[in-house]
> 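Provided herewith is a single structure, encoded as structure tokens, for subsequent inquiry.
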There are 2 protein chains.
Amino acid sequence: MPHIAAPSIDPEWKKGSAELLILSLVEGAPRHGYEISKLIEQRSQGALRFHAASLYPLLYRLEKRGWIKGLWVEKAGERRRRFYRLTAEGAKVLATQRDGWAAFVRAMNLITGAEHA
Amino acid sequence: MPHIAAPSIDPEWKKGSAELLILSLVEGAPRHGYEISKLIEQRSQGALRFHAASLYPLLYRLEKRGWIKGLWVEKAGERRRRFYRLTAEGAKVLATQRDGWAAFVRAMNLITGAEHA
DNA sequence: CCCTATTATATAGGAGTGCCACATATCGCA
DNA sequence: TGCGATATGTGGCACTCCTATATAATAGGG
């Protein structure tokens, strides 16, 4: 069984991407930080990964901006978890960011896609 | 004629993208800094733009790493221009970065594309 | 019963990249 | 003479993510 090396993703490309990822993940259901971290890793098939030290401060920033809303949930005999859901304003921001991301990828492809002409 | 607002591209998304853009642009022909700056703007149809203060330091970094090689060209009665061409090592890095970029975009799409399932 | 892994959140300090402001210098046009 | 476009260069700042470290509860192995 041949070993195919996964293309390495430049850490700098991730700058700013966490915001869009988190907003996308809390869109469908309320989720807590650790869950978001694991979902990013799983759904990207290991290609993308954010450390806890990056995620939690970002969650506070997004909440401070009013894009997500956190709620502490404590169940007996369990560590407390903070579930975040997307706010109405967050939904608008998410739509805008999705458009912006698509535009960015298009622009990058126009230039890097090939030395056409 | 209706005015269509261009989707705004988050400044943070650009972090690290300049490297791949420059390597792509000097792939086909030797180019100088100002030309690269204009090409990025034109080929992306105005969506992407890098300031001189970002480009020149980056060109020095890329040259220092041996990925591009600069050459001063002075023509009588003209401001001197430094043309950069891609080195053999730079070509390898470019191929790697293109793969990495594609992987990154795929990963982002898997997560942000839709709250599937 | 201790040790470790996993789940779960939190913070201080540092690295890297692009931006703003500013500076220099030539050419063409009015 | 003034202005815009061409062309390169630098200091300091802002922002995001990472490393390292800390706390804390639960489950499982030895």
Side-chain angles (χ1 to χ4, degrees), chain A residues 8-23 30-42 44 47-65 68 70-84 97 101 104 107-108, chain B residues 8-23 30-42 44 47-65 67-68 70-84 97 104 107-108:
Chain A
S8 63
I9 290 177
D10 192 309
E12 291 302 323
W13 288 333
K14 291 161 65 181
K15 294 288 172 75
S17 67
E19 240 176 59
L20 175 53
L21 291 172
I22 291 176
L23 292 177
R31 303 191 191 280
H32 61 273
Y34 189 80
E35 189 186 5
I36 291 173
S37 162
K38 291 296 163 192
L39 277 174
I40 290 176
E41 197 171 347
Q42 286 163 20
S44 69
L48 238 40
R49 203 184 148 218
F50 280 87
H51 290 237
S54 310
L55 276 183
Y56 291 104
L58 179 50
L59 287 170
Y60 311 147
R61 281 207 305 278
L62 295 183
E63 184 169 26
K64 203 173 175 185
R65 291 179 196 160
I68 61 176
L71 180 71
W72 281 114
V73 175
E74 309 204 35
K75 279 203 281 190
E78 260 188 13
R79 183 99 171 70
R80 58 172 192 172
R81 293 184 291 190
R82 191 162 173 83
F83 283 83
Y84 294 93
Q97 287 213 7
W101 172 253
F104 177 56
M108 286 291 288
Chain B
S8 64
I9 292 177
D10 192 309
E12 289 303 322
W13 287 335
K14 291 161 66 180
K15 293 287 173 73
S17 67
E19 240 177 58
L20 175 53
L21 290 172
I22 291 176
L23 292 177
R31 303 191 191 279
H32 61 275
Y34 189 79
E35 189 186 5
I36 290 172
S37 162
K38 290 297 161 190
L39 278 174
I40 290 176
E41 198 172 346
Q42 286 163 19
S44 70
L48 239 42
R49 203 183 150 220
F50 279 88
H51 289 237
S54 309
L55 275 182
Y56 292 106
L58 177 50
L59 287 170
Y60 311 148
R61 282 208 304 277
L62 294 183
E63 185 169 25
K64 202 173 177 186
R65 291 179 197 161
W67 299 352
I68 60 176
L71 180 69
W72 281 113
V73 174
E74 308 204 34
K75 280 205 279 188
E78 258 187 17
R79 183 99 170 70
R80 60 176 190 168
R81 292 183 293 190
R82 191 162 174 83
F83 283 82
Y84 294 92
Q97 288 214 5
F104 176 56
M108 285 292 288

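All of these numbers come straight from a predicted model, not from anything done at the bench. Residue numbers begin at 1 in each chain, while the letters A, B, ... track the order of the sequences.
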> Base, sugar-phosphate or nothing for B:Phe83? Non-hydrogen atoms, less than 4.0 Å.
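No contact.
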
> Calculate the interatomic distance between A:Lys38 atom NZ and C:dA8 atom P; express it in whole Å.
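Going from NZ in A:Lys38 over to P in C:dA8 covers 10 Å.
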
> For B:Tyr60 and C:dT17, give me the distance from atom OH to atom P, rounded to whole Å.
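That distance rounds to 16 Å.
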
> What is the distance from NZ of A:Lys75 to P of C:dT7, rounded to the nearest Å?
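Taking atom P of C:dT7 as the reference, NZ of A:Lys75 is at 16 Å.
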
> What distance do B:Ile36 atom CD1 and B:Ile68 atom CD1 have between them, rounded to the nearest 0.5 Å?
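Rounded to the nearest 0.5 Å, the CD1-CD1 separation comes out at 6.5 Å.
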
> My understanding is that only residues two or more places apart in sequence, or in another chain, count here; which of them pass side-chain hydrogen bond (donor to acceptor under 3.5 Å, both in side chains) with A:Gln42?
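Listed in chain order: nothing, the list is empty.
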
> Looking at residues at least two apart in the chain, or sitting in another chain, which of them share a ring pair (Phe, Tyr, Trp, His ring centres under 6.0 Å) with B:Phe83?
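For B:Phe83, the residues satisfying ring pair (Phe, Tyr, Trp, His ring centres under 6.0 Å) (neighbours in sequence not counted) are B:His32.
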
> Sequence neighbours left out, what passes ring pair (Phe, Tyr, Trp, His ring centres under 6.0 Å) with B:Trp67? Give chain and number order.
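Result, ring pair (Phe, Tyr, Trp, His ring centres under 6.0 Å) vs B:Trp67: none returned.
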
> Represent DNA chain D in dot-bracket notation, 5' to 3'. Only Watson-Crick or G-U wobble pairs with both distances under 3.5 Å count; pseudoknot-style crossings use [ ] and interstrand partners use |.
||||||||||||||||||||||||||||||

> Using salt bridge (Lys or Arg N to Asp or Glu O under 4.0 Å) as the criterion, list what pairs up with A:Arg80, not counting sequence neighbours.
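Salt bridge (Lys or Arg N to Asp or Glu O under 4.0 Å) check on A:Arg80 returns nothing, list empty.
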
> Base, backbone or nothing for each nucleotide of nucleotides 12-23 of chain D, written B, S, -, heavy atoms under 4.0 angstrom, 5' to 3'?
---BBSBBB---

> Kindly say if A:Tyr34 contacts the phosphate of C:dT6, meaning a side-chain N or O under 4.0 Å from OP1 or OP2.
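No, because none of the side-chain N or O atoms of A:Tyr34 sits under 4.0 Å from OP1 or OP2 of C:dT6.
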
> For B:Lys15, check salt bridge (Lys or Arg N to Asp or Glu O under 4.0 Å) against everything at least two apart and list the hits.
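By the salt bridge (Lys or Arg N to Asp or Glu O under 4.0 Å) rule, B:Lys15 matches B:Glu12.
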
> Nearest whole Å is fine: how far is D:dT10 C1' from B:Leu55 CG?
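My rounded result for the distance is 15 Å.
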
> Figure out the CZ/P separation between B:Arg80 and C:dA25, and round it to whole Å.
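From B:Arg80 CZ to C:dA25 P: 10 Å.
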
> Can you sort out the partners of A:Ser37 under side-chain contact (heavy atoms from CB on, under 4.5 Å), two or more places apart, ordered by chain and number?
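Scan of A:Ser37 (side-chain contact (heavy atoms from CB on, under 4.5 Å), adjacent residues dropped) gives A:Leu55.
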
> Please determine whether a side-chain nitrogen or oxygen atom of A:Tyr56 lies at a distance below 4.0 Å from atom OP1 or OP2 of C:dA10.
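Checking C:dA10 against A:Tyr56, no side-chain N or O comes under 4.0 Å of OP1 or OP2.
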
> Going by the rule side-chain contact (heavy atoms from CB on, under 4.5 Å), which residues pair with A:Ser54 if we only count those two or more places apart in sequence or in a different chain?
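Result, side-chain contact (heavy atoms from CB on, under 4.5 Å) vs A:Ser54: A:Phe50, A:His51.
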
> If you look at every strand shown and take non-hydrogen atoms under 4.0 Å, does B:Trp13 touch a base, only sugar-phosphate, or nothing?
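No contact at all - B:Trp13 keeps every heavy atom at 4.0 Å or more from the nucleic acid.
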
> Kindly write out the residues that satisfy salt bridge (Lys or Arg N to Asp or Glu O under 4.0 Å) with B:Arg49, not counting sequence neighbours, or none if the list is empty.
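Scan of B:Arg49 (salt bridge (Lys or Arg N to Asp or Glu O under 4.0 Å), adjacent residues dropped) gives B:Glu41.
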
> Specify the separation, in whole Å, of atom CD of A:Gln42 and atom P of C:dT6.
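Value for this atom pair: 14 Å.
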
> Taking the six-membered ring for Trp, are A:Trp13 and B:Phe104 parallel (under 30°), tilted (30 to 60°) or perpendicular (over 60°)?
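A:Trp13 and B:Phe104: parallel rings.
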
> Taking N or O atoms only and anything under 3.5 Å, show me the protein contacts with nucleotides 28-30 of chain C, one pair per line.
none

> Could you list the residues that satisfy side-chain hydrogen bond (donor to acceptor under 3.5 Å, both in side chains) with B:Arg61, not counting sequence neighbours?
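Not a single residue meets the side-chain hydrogen bond (donor to acceptor under 3.5 Å, both in side chains) criterion with B:Arg61.
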
> So how far is it from B:Glu74 CD to B:Arg79 CZ, rounded to the nearest 0.5 Å?
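So the CD of B:Glu74 and the CZ of B:Arg79 are separated by 9.0 Å.
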
> Provide, to the nearest angstrom, the distance between the CD atom belonging to B:Glu63 and the P atom belonging to D:dT8.
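Atom-to-atom, B:Glu63 to D:dT8, this comes out as 13 Å.
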
> Find the distance B:Glu74:CD to D:dA7:C1' and express it as a whole number of Å.
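These atoms are roughly 12 Å apart.
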
